[in-house]
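The block underneath contains the structure these notes are about, expressed in structure tokens.
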Amino acid sequence: MRTGLARASVKLSRNARVMKEHGSGMDLELGTVMAKQKERTAVLENAEVCAPEWNDILEKMVLIRKFEEASEREFRKGNIGGYLHVYSGQEGIVAGILTALGSEDIVFAGYRDHAHALVLGSDPKALMAELFGKRTGLSKGKGGSMHLFDVAHGLYGGYGIVGGHLTLATGAAYALRYRNTDRVAVCYFGDGAMNIGPFHEALNMAGLWGKQGMCPALFVIENNGYAMGTSVERHSALTDLSARMRAYNIPAEKVDGQDVFALRGVADRVVRQIRETGHPYCIEAITYRFSGHGAADILQPYRTKEEVEEHKHRDPILILKKRMKEVCGLTDDDISRMEKEAAAVVAGAVKFATESEEPAPEELFRDVVSGSGEDRFHG
Amino acid sequence: MRTGLARASVKLSRNARVMKEHGSGMDLELGTVMAKQKERTAVLENAEVCAPEWNDILEKMVLIRKFEEASEREFRKGNIGGYLHVYSGQEGIVAGILTALGSEDIVFAGYRDHAHALVLGSDPKALMAELFGKRTGLSKGKGGSMHLFDVAHGLYGGYGIVGGHLTLATGAAYALRYRNTDRVAVCYFGDGAMNIGPFHEALNMAGLWGKQGMCPALFVIENNGYAMGTSVERHSALTDLSARMRAYNIPAEKVDGQDVFALRGVADRVVRQIRETGHPYCIEAITYRFSGHGAADILQPYRTKEEVEEHKHRDPILILKKRMKEVCGLTDDDISRMEKEAAAVVAGAVKFATESEEPAPEELFRDVVSGSGEDRFHG
Amino acid sequence: MSSPGRERIVFMAEISYRDAIREALVEEMDRDENVLLLGEDIGIYEGTFRITQGMLKKYGAKRVIDTPIAEAGMAGTAAGMAMLGLKPVVEMMTFNFAFVAADQILNHIAKIRYFSGGQVDMPVVIRGPQGAGMQLSAQHSQSFESFYGHFPGLIVAAPSNASDAKGMLKSAIRGKDPVIFLENAALYGLKSEVPDDVNHLVPFGKSVVVREGSDVTIVSYSRMLHLSLAAAATLSADEGIEAEVIDLRTLRPLDMDPVFESVRKTHRAVVVQEQWKPFGAAAEIAASITETVFDELDAPVVRVTGEDVPMPYARNLELLAVPHEEQVIEAVKRVLYRN
Amino acid sequence: MSSPGRERIVFMAEISYRDAIREALVEEMDRDENVLLLGEDIGIYEGTFRITQGMLKKYGAKRVIDTPIAEAGMAGTAAGMAMLGLKPVVEMMTFNFAFVAADQILNHIAKIRYFSGGQVDMPVVIRGPQGAGMQLSAQHSQSFESFYGHFPGLIVAAPSNASDAKGMLKSAIRGKDPVIFLENAALYGLKSEVPDDVNHLVPFGKSVVVREGSDVTIVSYSRMLHLSLAAAATLSADEGIEAEVIDLRTLRPLDMDPVFESVRKTHRAVVVQEQWKPFGAAAEIAASITETVFDELDAPVVRVTGEDVPMPYARNLELLAVPHEEQVIEAVKRVLYRN
Ligand SMILES: Cc1ncc(C[n+]2csc(CCOP(=O)(O)OP(=O)(O)O)c2C)c(N)n1
Ligand SMILES: Cc1ncc(C[n+]2csc(CCOP(=O)(O)OP(=O)(O)O)c2C)c(N)n1
Ligand SMILES: [Mg+2]
Ligand SMILES: [Mg+2]
């Protein structure tokens, strides 16, 4: 563990490298962002880190990790079908940002969407049941892992077409303002999604609508360095992804995605700003995915084992634990209790999903269009 | 005429304003570009302006104008169908850039494509016949105004879907390099085309391939301030269009599109550079369209008559004539001879088109796939 | 369908297909402030076909949104609005451009209700003209009934007259589902009677017999319906053949019952469709007739369609490429074994 | 079709559908240096279905291009390459993603030859898997035969076995026209005999009888062909019904002659297709049979198709959504009036 933390600081500099090469985003000078973030983190350390909320955040992150581990296990057992993309390593991005939202705010995600649901408050049981394709699932088993919806908790979907949901989030943000609310729409997407046409069309419209204060959207780039097996350098002509956002007149800043404190500090500030101005903003979270792209990505020929191992030293959960130990006196006992609780929740979810029934056959014809279903089943 | 030229200098400052607001492109300082362009123009003035080539350029521009006037007339008479988009006011952009190409270079254009064909050397007769839908047309009457092809002269098409041909040009540029030639592909598109998805996908790929020296493409933004009735300010979140190109790692610079000298100077330099490096480049030509968007755009509610009239004082043909008179002793007689000749060519083209036969019925089934046609007609 | 349950006098007004669409938009925007419009050049420019004339002035820029040239953006943002309770109506300048939005329409708008397990509604209306005949050549002269009709989750309407255009567009806007509303540019000027009733709603999935006859059934919709009616008139006048003509009005859901009923009477059917035959709309209709009332048929169901080529520009070739009255007449004679 | 004109002994090798595709690519790349590949994760990652395994190493990054996630970009740049004399083969990771490229494929690639008046060739091959059955849910489980088959200018192939996959892909690469090459993920592992001949070419537009029979004609292609063959075997064993089974292989151009010929013998036909019935591929085939050999038919042409819903995720629902052998058997019995 000690060695791990020692090496973590080595990796911190990789993260810093990304920031350094590209500048920080906004109009800040090179390096200033890192300093500012440290500053903000420091503020958090002193004033807020030991608030009970941070305990909850750590709990959520631990829960996500356990949940993802379980989902990978259940996939291998054949209990989960289709594609499965887990969030391990990236937990900080949802924990640090979504906890800055109000209860009325809404979220759009890609197919790597379990973490978003968990942080928003979805029932892990219903989530696992969805992955199992059971009638007790969030969407009655009809969507699966890639299409999590929990509208009651603000989750307006996981989407399977890369970059296809940016337009939805942009339109949803417009609607929130059109209806005179001060709600905010958050949209997560990967680095690879930035090269697809609908991304471009959506972001330009977001930038335009922002000028009228009609686009209260936070765009979050989950920059984990790869689109499947293609690194950012190989898929983006301009590797400074924040700079690309500014081509839409959308301010963007890079944040260390493994540092949930930094993320939360930025998120608090920009969510407030978006709420006030109705103008979109972008957080580019520099992160890393610990597992394969999807459950089928076993070989991972595009990266070395060493690279993965190195990044594991910058596990966002480790970093948060360490800070909370240092600052708030979190103990190893606290942590292991937390882990046990999370494991129990996940085990309960798996049990629930296992024992749940599959969807009734007539579900096949329901939800095609409004009111469809009941009278159409002829199986 | 005198007042016209006096007011022209007023409008020059509007052009300068666009440049000033956005900077110039590249890494040049604000204003430097204008200065550099003047410098280059000066060089041209002294050394080359009086070369016979410039006479040809002026002739081409006059021919384009006459051709476009005739095509508008023939459209009103019902001899041309479909959509008709003319280039009047924008002539400098093709005359200044395409004359900088080698005979092996190739060009892709939008639907506003007559001028490109004429400068590349297409026969005005075959061009007008295409507009008339006659068998003697460039494409046997099957494409019409929006889809001019003249592969023998390097014209790889006019395309009717906004922004749909950027991908084609990018791929063509790759092919030129793949086959170990030093040919260059030029791609024209409007300001409005920059908001559509395929534009984005193409340009990012162009930027990426450029890093391997595999994309010898010159992208030319025909920035005439409007996409149909929507001004740049209303359609682009970031109105600095050159800056948007740099989001793809493609260097871009603004040039006064009404100043064919400036354009040619830039084009000579960047075409050479593209040929050497295989890396794409972008010229943003600031221009203005004198006619409506298309022949149906009569009311033009999006701009005032005064605005149009003002811009007519910066007619690229006027500007070129004036310079050639001042520097090379071009006379009014020369000019009127030139105009008469152009008018005669166009009249000949109209006559040819009028007298040509419509396509044979069996053409309907030809060219669907290779070798299709002959044996399939059953009409 | 207007105001079921209570009898009242409804006055009729003779208006154009274009004005019918315009009126539907205006009435629904007046009725429900959640209705808003998105499209290219629908505001300041007032629409290339002037459907949205005066709308920007009347409703303001928040409700009449001039978008960039970004069909995927238009369709997708509208979907996001719909998920949050708005009722966006998107204008495709022409439906040819909607290819750019294919992923948004076919893989998002059509399916989100389903894969969310019914957690959201999707009241997006996408409307605009389609069809050939104006020398717009290959990229701008297409029809999309079978293209969209194939996808569950969508409703696909193709009205042939002002009354249906108005009543179906109003139904579309008041509904909760995505509607692909296929207008035909050649019909915009066509006038016909429309009930003067703000609640004039025409339901989806109700085909109607627009001309009665006992010799043959002609099935069509949109512009081709008028060709079919013209052919029917000629057949009656010249040959004494009485065709029953059916307007499908909606391609999805497709109401075939009136067609089957008619074929039970006529024992013969011709289907008329503007575009390419292979995998076109007429194939579904013909296959469905045969599948269901095979024993009633005295002749094969014959399809009249456009030629199987990208649309050429030249006027004479374009005229060869689209269906004509004579072809319908010939097809009818064929199924009657009269030639 | 291989080496017409001269007899020779051709050895057969039993290889998988996946390897057949791979071999076609390798052989054609070896044969013609203008052949190159574009796709997402086809290089370093070696392809999600490992079709392009080892290719980057063998041919280098200029010929094996890992693209960004940009389907329109992939298709469109390939078209530009093709216009300049290259022979690009584009891999769609799955065909579901090609919606993003719909405009490029349907409004550019399919039409450029035509509106250029034949001035350019368009030898673009777009290949990749399609189909349902792997619990990939609504956005990732579609089939595209009728979607692409409707558009003149395209060739649409859907091979059912290794030999056709290899021979048709080679024909596609050697040709001058755009080919939509629809593979089926569920078939990748399926082994069958393939001529060991670098000039093994299978032409487009040639349907083949793959099982002879005199009682009923079953028409299908791709994965559903195997379902049809299984049903035919069961019918033969259990009921003594001998079905003639036809593999269309190409959807455009569609070769119906062998089907007509078969129906003239059997007088009954069933068409089997994986996806949604309305406006699906089977409609064209059924309509065309009826139109052409109506008098030979003793029963209506019946379609066996998937259910008309977006594909659900849950395994049991997905199984309900796709066609099964029993449905084919039932349809056959129906046209034979045996139930
Ligand atoms: C339009 C489209 N093309 C291809 C795919 C296949 N695909 C799924 S995820 C993925 C990589 C996405 O990378 P990124 O956006 O960086 O997200 P990450 O997986 O790294 O979170 C690809 C290519 C898809 N789903 N949609
Ligand atoms: C995808 C698409 N959407 C809409 C149109 C209709 N349309 C044709 S030209 C045009 C405006 C294009 O403006 P710009 O790119 O600035 O070129 P300009 O006409 O000014 O030369 C529009 C909206 C189209 N042809 N293609
Ligand atoms: Mg990524
Ligand atoms: Mg413009």
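Letters A, B, ... are given to chains in the order of the sequence lines, protein chains preceding strands, and every chain is numbered from 1.
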Within-4.5 Å side-chain heavy-atom neighbours: C:Asp66 and B:Arg234: yes
Residue part contacting chain B, namely of C:Met74, when any heavy atom lies under 4.5 Å: neither
Minimal non-hydrogen separation, C:Asn316 against B:Pro359, with atom names: ND2-O, 2.8 Å
Residues, nucleotides or ligands: over 12 heavy atoms within 6.0 Å of C:Lys58 NZ: yes
Closest approach of C:Ile44 to B:Pro301 (non-hydrogen atoms, all atoms of both residues): O-CG, 3.5 Å
Aromatic centroids of B:Tyr83 and C:His140 separated by under 6.0 Å: yes
Minimum heavy-atom distance between C:Asp41 and B:Thr230, given as atom pair plus value: OD1-OG1, 2.7 Å
Between CE on residue B:Met228 and CD1 on residue C:Ile69, distance to nearest 0.5 Å: 7.0 Å
Main-chain N/O of B:His147 paired with C:Tyr313 side-chain donor or acceptor, under 3.5 Å: no
Which portion of B:Leu131 sits near chain C, non-hydrogen atoms under 4.5 angstrom: backbone
Residue C:Thr48 versus chain B: region with a heavy atom under 4.5 Å: side chain
B:Leu299 versus chain C, the contacting section by heavy-atom distance below 4.5 Å: side chain
Atom group of B:Ala237 that falls short of 4.5 Å from chain C, counting heavy atoms: neither
Toward chain C: residues of residues 191-200 of chain B with heavy atoms under 4.5 Å: B:Gly192, B:Asn195, B:Ile196, B:Pro198
B:Ala360 to C:Leu317 - nearest heavy-atom pair and separation: O-CD2, 3.6 Å
Over 12 non-hydrogen atoms of neighbours within 6.0 angstrom of CZ in C:Arg50: yes
C:Ala72, part contacting chain B, at a heavy-atom distance under 4.5 Å: neither
Euclidean distance, C:Arg315 CZ relative to B:Ile80 CD1, rounded to 0.5 Å: 15.0 Å
Which of B:Met146, B:Lys134, B:Arg135 touches chain C most, by non-hydrogen pairs under 4.5 Å: B:Met146
Close side-chain approach of C:Tyr45 to B:Asp297, heavy-atom, < 4.5 Å: yes
